[in-house]
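First the structure, in the form of structure tokens, and then the observations on it.
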Protein chains: 4
Amino acid sequence: MTLTAEAPVRWRRRKEARPQELLDAALEVFVEKGFADARLDDIAKRAGVSKGTIYLYFESKQDVFEAMVRRLAEARFEVASALIHAHQGSAQQLLTDLIRLAGQFVREPPYSHFPRLIIAESRRFPELAAFCLRELIHKGMTLFGLVIAKGQETGEFRALPSLHMVRLAMAPIVFMAIFRSAFEPHDDQPFDVDGHIATHLDIFIRGLRAEGGPA
Amino acid sequence: MTLTAEAPVRWRRRKEARPQELLDAALEVFVEKGFADARLDDIAKRAGVSKGTIYLYFESKQDVFEAMVRRLAEARFEVASALIHAHQGSAQQLLTDLIRLAGQFVREPPYSHFPRLIIAESRRFPELAAFCLRELIHKGMTLFGLVIAKGQETGEFRALPSLHMVRLAMAPIVFMAIFRSAFEPHDDQPFDVDGHIATHLDIFIRGLRAEGGPA
Amino acid sequence: MTLTAEAPVRWRRRKEARPQELLDAALEVFVEKGFADARLDDIAKRAGVSKGTIYLYFESKQDVFEAMVRRLAEARFEVASALIHAHQGSAQQLLTDLIRLAGQFVREPPYSHFPRLIIAESRRFPELAAFCLRELIHKGMTLFGLVIAKGQETGEFRALPSLHMVRLAMAPIVFMAIFRSAFEPHDDQPFDVDGHIATHLDIFIRGLRAEGGPA
Amino acid sequence: MTLTAEAPVRWRRRKEARPQELLDAALEVFVEKGFADARLDDIAKRAGVSKGTIYLYFESKQDVFEAMVRRLAEARFEVASALIHAHQGSAQQLLTDLIRLAGQFVREPPYSHFPRLIIAESRRFPELAAFCLRELIHKGMTLFGLVIAKGQETGEFRALPSLHMVRLAMAPIVFMAIFRSAFEPHDDQPFDVDGHIATHLDIFIRGLRAEGGPA
DNA sequence: TATGAATGAGACTTCATTCAT
DNA sequence: TATGAATGAAGTCTCATTCAT
């Protein structure tokens, strides 16, 4: 309650915020340049600190990269997971919502470049690739799998191999993210994200639907 | 029949084969390490020449990379194009064959890692990305577009936006290639390529089919 | 007896003890790592303070090193000097005691590593080397010189050049200290300190003794 | 015998000579600055090459240091060993010659600074210390041991513990080398090398001599 | 007095590129 | 055409030192 009490707080806040600020800057630079061409100097400059400061919070350039990926990946997944577990309605509707949500994730930069970045560096960071597979992809597939299973139980969906159905539900979203990140700057016309997702839903869910199902 | 007579022949043959041998070696190394981590020393060693020799045939490391991509890309596309133009049968069958052919292209290493590699380096090589978009993707999409249009004319396929249909036909193949290249080493079980393609065809073509169409 | 009454006392005590505590910590770290590889962070941590605190008491890393050496050197020398001046007995006995005392100085770590450390950094710290030469070595040699002179006066010792005799009396002790510090960790068997000194005395004093002398 | 035949030879000679030239330059710089303060730039400049060239021949700065020490150490030891094995005469004379030879080794810079340098870096280079102990010191001690044993067999020398006798024979030489390297620049008068060795021989051999021996 | 976050100069090391042979 | 020794620019990382608190 004294006036002096807050000064150290502000200072401490800074210290705690630093890693996040650095990772925000790192995201921008890595997305823009890729791992190899990203300069620690650039990251530091964007975070408003000197290069040496990075090493107060991270062990190495690789460490920065991995921390950045993990933070974003986990954040995204938590949002997805929460929304999904709260859902109520038909399996068809749920799948639609899920696919649309996934589409949201890869709409705006810099996040829209994330899948390309992870793919690009998957060989250089085998552990990170394993992490993404385990913590993002497998978990995401599990969620999709629940929806697919539900639809099969209710008779909404056909009895196709679940694993393939899950991947085929996700594939156009991933494809879109990667395609846009890699090629949109060189394409004549912008990628019609909404149309792409809508058509995917149209074709995919129709192709999935059991002939004499409830819908 | 003299000893010296044959030497120049072998020599000349060698000389013409050099760039190809170098690009073969480059393919292996770039696929394995990515552009930044690939060493010209490694490429030279695998091609059985010295590092300096590379500069007799290519301007720079970037030049080697681009030449390698262009050569492979064009070769793949020519095969695809030829097979497609020779095709006869229903649009549905043609689309099936096309998708299966695309699946063939990304089955075996080192070619199976090609899409990931291009995606990975798309920011570093804007021109190369533009080239791939123009010479590979757009041309491939044109071919797919022809098939889709034919199916719509015959009433086999629904009247959805063609561009999206084309992309959605290709997306699972591209997804599969990239997924395997990036994550299969870390996955518990191997990717079921045939099952994936079969299920894609099953769902996609059913989702595409006009209700009262001829099939 | 109030709680606040004692605090400043402890505080002031602390304050005065700080430099000593820092130098103790510095001794350990410098001995372990050498000057270049010693980290001020380590020294601070061992002294239980933060790195910045070092700069309240010392100008620089070099300053810490020099202060540490000077403190230990002077302390050692005072002990030696005091003991020597109080001595009574034959020159032979005095020389024996002196050599044994010097041997004591380099027996236990971390002091046992001191000669090696000073030698190692003598080029980086010319002033410190000069200081050690002046305040340690020359003074020590003066003491030895007194004993030698006394022995020559009494006829116990031969009339050899005094300077060489002094150095030859000390050399095996210095040699032992440096040898142990540098090589004992890699040697099969431990260095027999007592045997070394005893044999030195046996040979050296016999070699020094005048043929028809009083002993 | 052709004119062109020699050109590549000269060129190859260069390549073969490079490591030696680099190690010569390294010796000077390391002796002058110590390991930590030695700059690869300096070494390169003195060898007349660029910094990168060092890495064509050595793995790292440490590698350069170790190679330099090994080369010199082995060269010195081979000379000593050869001379010793060829010797004929009394044990007393042999010991005298041996000690004088050792004195020669540490007379002139930059070699005269070698013992100090090895001692100084013994903690940073444990393997190198082990190497020096094994290949230099132990072998040297073995040679001295042969001489001592011979003198004891002939009855020239007293029956003292051989290990100590050997070390005590060497100690003044090592002491002298280290003392000069560390302190001579700060001393008023130059170190009388010959006098030191002569007096050592005088005292040590007399102290070693058996009372009723043949000499 | 004490802290510890921040700095920034400087070193080692890598490797694409060059060029004398 | 082919070599491979040599280059030198550039980047990551370290750590003594500073300074706001």
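Below, chains carry the letters A, B, ... as their sequence lines are ordered, and counting in each starts from 1. Computed from heavy atoms alone, side chains included, the values below leave out hydrogens, waters and symmetry copies.
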Exercise for review: Taking only the side-chain nitrogens and oxygens of Tyr55(A), find out if one of them lies under 4.0 Å from OP1 or OP2 of dT14(F).
Suggested key: no
Review point. Is the base of dT7(E) touched by the side chain of Lys51(A) through a donor-acceptor pair closer than 3.5 angstrom?
Key: no
Check your understanding: Could you walk me through whether Glu32(B) and Arg46(B) pass the salt bridge (Lys or Arg N to Asp or Glu O under 4.0 Å) check?
Key -> CA-CA 13 Å; Glu32(B) 210 169 281; Arg46(B) 276 196 219 203; 3.3 Å; yes
Revision key, fill the gap. Checking dT3(E), dA5(F), dT1(F) against the side chain of Leu56(B) (C-beta onward), the nearest is dT1(F)
Practice item. For Phe58(C) and dA16(F), give me the distance from atom CZ to atom P, rounded to whole Å. Key: 15 Å
Study note, to complete from the structure: By the Watson-Crick or G-U definition, both distances under 3.5 Å, dT21(E) is matched with dA2(F)
Review point. What is the nucleic acid contact for Ala36(D), judged by heavy atoms within less than 4.0 Å: base, sugar-phosphate only, or nothing?
Key: nothing
Point to revise | Heavy atoms of other groups near Gln20(D) CD, more than 12 under 6.0 Å | key: yes
Practice item. Would you kindly compare Leu40(B) and Gln62(D) by the position of their nearest DNA chain E nucleotide and give the one closer to the 5′ end? Key: Gln62(D)
Check your understanding: Would a 4.5 Å heavy-atom cut-off, applied to side chains only, mark Arg124(C) and Asp37(D) as touching?
Key -> yes
Check your understanding: In whole angstroms, how far is the P atom of dC15(E) from the NZ atom of Lys61(B)?
Key -> 8 Å
**Study point:** Touch class at under 4.0 angstrom, heavy-atom based, for Ala44(B) against every strand present
**Key:** nothing
Check your understanding: Does the cation-pi check pass for Arg70(B) over Phe131(B), that is, NZ or CZ under 6.0 Å from the six-membered ring centre and within 45° of its axis?
Key -> yes
Point to revise | Side-chain heavy atoms of Phe65(A) within contact of Leu27(A), under 4.5 Å | key: no
Point to revise | Nucleotide nearest Ser60(D) when distance is taken to its side chain, options dT13(E), dT12(F), dT7(E) | key: dT13(E)
Review point. Where each residue is assigned the nucleotide of DNA chain E containing its nearest heavy atom, which of Glu59(B) and Ile54(C) is assigned the position nearer the 5′ end?
Key: Ile54(C)
Exercise for review: Using whole Å, report how far NZ of Lys45(C) lies from P of dG4(E).
Suggested key: 11 Å
Review point. Considering only dT12(F), dT7(E), dA6(F), which nucleotide approaches the side chain of Arg39(A) most closely?
Key: dT12(F)
Check your understanding: Atom CZ of Arg18(C) and atom C1' of dT1(E): how far apart are they, to the nearest Å?
Key -> 9 Å
Check your understanding: Whole Å only: how far is the CD1 atom of Ile43(A) from the P atom of dG11(F)?
Key -> 13 Å
Revision key, fill the gap. Closest to the side chain of Ser50(D), out of dG8(F), dA5(F), dT17(E), is dG8(F)
Check your understanding: Whole Å only: how far is the CG atom of Asp37(C) from the P atom of dA11(E)?
Key -> 16 Å
**Study point:** Who pairs with dA9(F) - Watson-Crick or G-U, where each distance is under 3.5 Å
**Key:** dT14(E)
Review point. Which whole-number value in Å describes the distance from Tyr57(B) OH to dT1(F) P?
Key: 6 Å
Exercise for review: Figure out the CZ/C1' separation between Phe35(B) and dC15(E), and round it to whole Å.
Suggested key: 12 Å
